[in-house]
Every structure is written in C-alpha cells, then in structure tokens.
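One-based numbering along the sequence shown.
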Amino acid sequence: MQSLGPNSPVEGTVIVGMSGGVDSAVAALLLRDAGFSVQGLFMSNWDDDDRYCTAAADFQDARRVCEILGIALHRVSFAEQYRERVFSHFLREYAAGRTPNPDVLCNREIKFGICLEYMQRLGADWIATGHYAQIHRTSPYPELLKAADATKDQSYFLHSVAASALSKTLFPLGRLQKAQVRAMAHAAGLPVFDKPDSTGICFIGERPFQEFLSRHLRTERGPIETADGRIVGEHAGLALYTLGQRSGLKIGGRAGAAAAPWYVADKVMARNALVVVQDPNHPLLVSDAFSVEQMHWINPDDATGLPLGCAVKTRYRQNDLTCVVRSNGAAWRVQLARPARAVTPGQYAVFYQGERCLGGGIIAARFNSALAPAAERITYNSLFSVEGS
C-alpha cells in the first residue's frame, strides 16, 4: 500500500481508532481496500455528559462509517485511566503556573499505551489511526517522519510514543494531503466527508477555557504588573494565563501607556503576580536558550553524539528553529541559533533532523542572555517537579 511508506506490512488484522471524523474513516477505508482485515474501535476518554461533549454524536458517525465499510466496531471507555494519567497531570501543571499539552500525554499513555494493549487483546496485529505522520520501519528503532501535508503534520504530538508502539502502528494518511482525504471520503459515500476537524484540547472541546479551568482549580486573584512593577490591573488567577497571551487581559486604555496590545511575559508565583509588557520582542518574552526535562529519544542512539545540531519546535505549527542540544545532568540544554518568542515552560520541545522526529521533552526553564545574570533564568516555579521526575 503506497501511502504506508517503505517496509510496510501487507497483511494482517488491523484495528483502527475511529474518532467519528473524516481522517480515521479514510484510514479504515484505505486499509480495507489494501486487503487488510479491518476492525474499528471507538474510544471514550471523558465522561462528562454536557452540551460541550460530542462523544455521543461522534460515536454515531463512527458507527455509520463502519456500517458502510462493512467492518465491525468496538467501543471502550478509558475515562478513569485518562483522568489518572492525563487530566490529573494537566491540573497539576496549571496549578504550578506552567502550560501543559495534554494531547501529547494522551497519545503516549492512552491511545498508544493502554488502548494499543486493548487492541492487541482483541487480536490486532497492527493498530492504525488517522494521524498525519509517517513511519519508516528500520531496525532496531522505527523512524517517525513528518507528514507530506505540512499544514496537518502531527509528529509533534507523537514524539513521546514508545518506539515499540510505533513499530506496531500504521498511519495511512501520512503521504496524503487533507484535500485528497476529503475527496476519497466523498467518493466512497462516507457521510463525514465534510465534517469539520476537531480543534482545541479534547476534553474541553468548544467550552470557554477559563470557565472550564476555574471549575477544577482553585484560583486566586492578584496584581497585573508591568516589567518595572507598576500595577495596571487584576488577574483572575495565574493558572488562567499563558506566556505570550494578548487577549482576555482587560487592561486596555491605561493612562500613561501606549495604545498597543499587552502580552503576558512572566508569572511570579511567590507574589501571585502576572507580568505584562507591550513590546512583543521584550527581553522577558524572548529566549535564546531553554532547558528540557523528561527527554524521550525515539532512537536512543541519537543522544550519544552530543552536542547535537538539529531543529526544534517549542509549540505546534511553529517553524523549525535551528538549535544545538547538550546534556546538562538530569536535564538538557538547548541553545537556539536565533532568539524565539514565548518559549513556554510546561510545553513540549520536539526535535527534528530534516523530516525525522528525534523525540522531545518538557520545557522546564527559559533563558535570555540579554538579561542581567540574576534575571537570565526565567521559570515559573523552581520548586515544582513535573510528574515522574
């Protein structure tokens, strides 16, 4: 099957993670037409039944697609495990002033962790999803590659999946453009061919983010300050803001301030203060280096030739940034070739050599050599240790 790439399997039982969207539907279609024995699995990770939860409608869409394709559909809930392994970590990170990415953890712990194990118990030789990424099957470790459609590439979210899991996974959409996928779904009569893509964090959906977070975290109001200590407003709780944010601050039109947007530049946990600036390239917003914890290398051999020249993304949809990676004891030090804005503790730094994803880890602290030595290290809470460290 051409879309699966070199050294791909040509037979066996594949269970496809069916989300109710067009991508997983076409993944199942392509595998069925390639001659695999295909089954579907709809997985529920969240058990709140409210107006923002689309799980019931998504399951019906998945069911209709499987009926048309003539394949069986299983259904399972991992809501308890999701709360334990993903959501609890999400809340702890926000409470510590950091900005986590739960989708990365969901892929590692749930979709390509306990769900993969469940699929194998159902008899799967391979598992498949509708992710936009590619796998090159090399020995002893597979290579995770960017998707052909650069606007949809999801390798960033897959960087911490274990190599053993990647070796059992198929990504049928990796060599396709999104427009091709929708066209295939339409030609096959699949009712989800024009269904909008899901956006945002999976368990939050379309609900207002601050409203959701306030339900689960105790927040305390505090001062909004400029970099020189002038109070310009009041924040609703540090956990509700992220580095670089410019909307929702409610401090426009201040006397003595320029008529320019304000940006979140720092969080001072000890004083419960939110620091804002109006210059998008202010030194507090810019970093030329950062440290990374809980680093995961897909191929451990990549960590043996340090220092390593490569590229990094510090957030999804960011252009690759040229960098050098060095070991720094339990952490890793990343030096950027050019300073970058809004390198955010709690987010993932994901490393690449060309199209190949090397792995990544959690940004622990950021640095700006243009600042005075005492202020160079910018971190939200030096006493906080992320889960597992």
Side-chain angles (χ1 to χ4, degrees), residues 98-99 101 103-104 132-136 138 141-161 163 166 174 242-244 263 265-266 279-371 373 375-379:
R98 292 155 62 115
T99 304
N101 189 321
D103 292 335
V104 171
Y132 285 82
Q134 302 183 68
I135 294 179
H136 185 196
T138 56
Y141 301 100
E143 293 182 347
L144 175 64
L145 307 177
K146 294 179 182 178
D149 189 337
T151 66
K152 292 295 181 181
D153 172 54
Q154 293 173 301
S155 59
Y156 178 92
F157 298 108
L158 297 165
H159 76 269
S160 68
V161 174
L166 291 175
T242 190
L243 195 69
Y263 301 87
D266 201 5
D279 179 1
N281 295 309
H282 191 283
L284 285 177
L285 266 178
V286 175
S287 306
D288 55 17
F290 56 91
S291 61
V292 176
E293 297 174 338
Q294 298 188 43
M295 184 67 190
H296 168 73
W297 299 96
I298 296 173
N299 183 344
D301 292 341
D302 287 323
T304 60
L306 299 177
L308 173 66
C310 59
V312 64
K313 293 182 187 290
T314 60
R315 60 183 179 272
Y316 182 51
R317 295 194 186 283
Q318 182 186 52
N319 292 331
D320 289 2
L321 306 174
T322 302
C323 71
V324 175
V325 182
R326 293 178 171 86
S327 178
N328 187 22
W332 302 80
R333 174 87 177 206
V334 181
Q335 186 71 46
L336 297 171
R338 300 180 62 182
R341 290 184 68 250
V343 175
T344 305
Q347 288 285 293
Y348 287 89
V350 180
F351 300 93
Y352 294 86
Q353 280 190 331
E355 299 299 297
R356 182 167 69 97
C357 178
L358 306 178
I362 299 174
I363 298 170
R366 56 195 178 99
F367 307 89
N368 186 346
S369 59
L371 295 172
E376 181 195 0
R377 185 174 189 270
I378 306 168
T379 183

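- Of all non-hydrogen atoms in A265 and L285, the two that sit nearest each other are CA-CD2, 4.0 Å.
- One finds the CG atom of L158 at 10.5 Å from the CG atom of D103 (value rounded to the nearest 0.5 Å).
- Using modelled atom types, one side-chain atom of D153 and one backbone atom of A147 make a donor-acceptor pair closer than 3.5 Å.
- Annotation: side chain to side chain donor-acceptor pair (under 3.5 Å) contacts involving residues 297-308, sequence neighbours excluded, comprise D302-R356.
- Shortest non-hydrogen contact noted between A340 and L321 is CB-CD1, 3.8 Å.
- Between C310 and Q353, the closest heavy-atom pair is CB-CG, 4.0 Å.
- Inter-residue side-chain proximity for W332 and S327 is flagged as met; some heavy-atom pair is nearer than 4.5 Å.
- Taking the charged nitrogens against the carboxylate oxygens, K146 and D320 do have a contact shorter than 4.0 Å, which makes a salt bridge.
- The shortest distance between side-chain heavy atoms of R341 and Y263 falls below 4.5 Å.
- Two residues are said to be in side-chain contact when any heavy atoms from C-beta on lie closer than 4.5 Å; Y156 and R317 fail this criterion.
- The number of heavy atoms from other shown groups lying within 6.0 Å of CG (N281) is above 12.
- Taking all atoms of both residues into account, the shortest heavy-atom contact from Y348 to N101 is CE1-O, 3.6 Å.
- Atoms CG and CG, from L284 and D266 in turn, are 6.0 Å apart once rounded to the nearest 0.5 Å.
- No side-chain heavy atom of T242 sits under 4.5 Å from any side-chain heavy atom of Q347.
- Inter-residue side-chain proximity for V350 and Y316 is flagged as unmet; no heavy-atom pair is nearer than 4.5 Å.
- Rounding to the nearest 0.5 Å gives a distance of 14.5 Å between CG of L306 and CZ of R333.
- Using a 4.5 Å heavy-atom threshold, the side chains of L358 and L308 count as touching.
- Between atom CD of residue Q335 and atom CZ of residue F367 there is a gap of 10.0 Å, rounded to the nearest 0.5 Å.
- Looking at L243 and T99, their side chains never come closer than 4.5 Å, going by heavy atoms from C-beta outward.
- Q134 contributes atom CD, which lies 9.5 Å from atom CG of L144 (distance to the nearest 0.5 angstrom).
- Between I298 and H296, the closest side-chain pair of non-hydrogen atoms falls below 4.5 Å.
- Between the side chain of T344 and the backbone N or O of A342, at least one donor-acceptor pair lies under 3.5 Å.
- The minimum heavy-atom distance linking A364 with P345 is given by the pair O-CB, 3.9 Å.
- Checking Y352 against S155 by side-chain atom types alone, a donor-acceptor pair falls below 3.5 Å.
- The two atoms that bring S287 and L336 nearest to each other are O-CD1, 3.6 Å, heavy atoms only.
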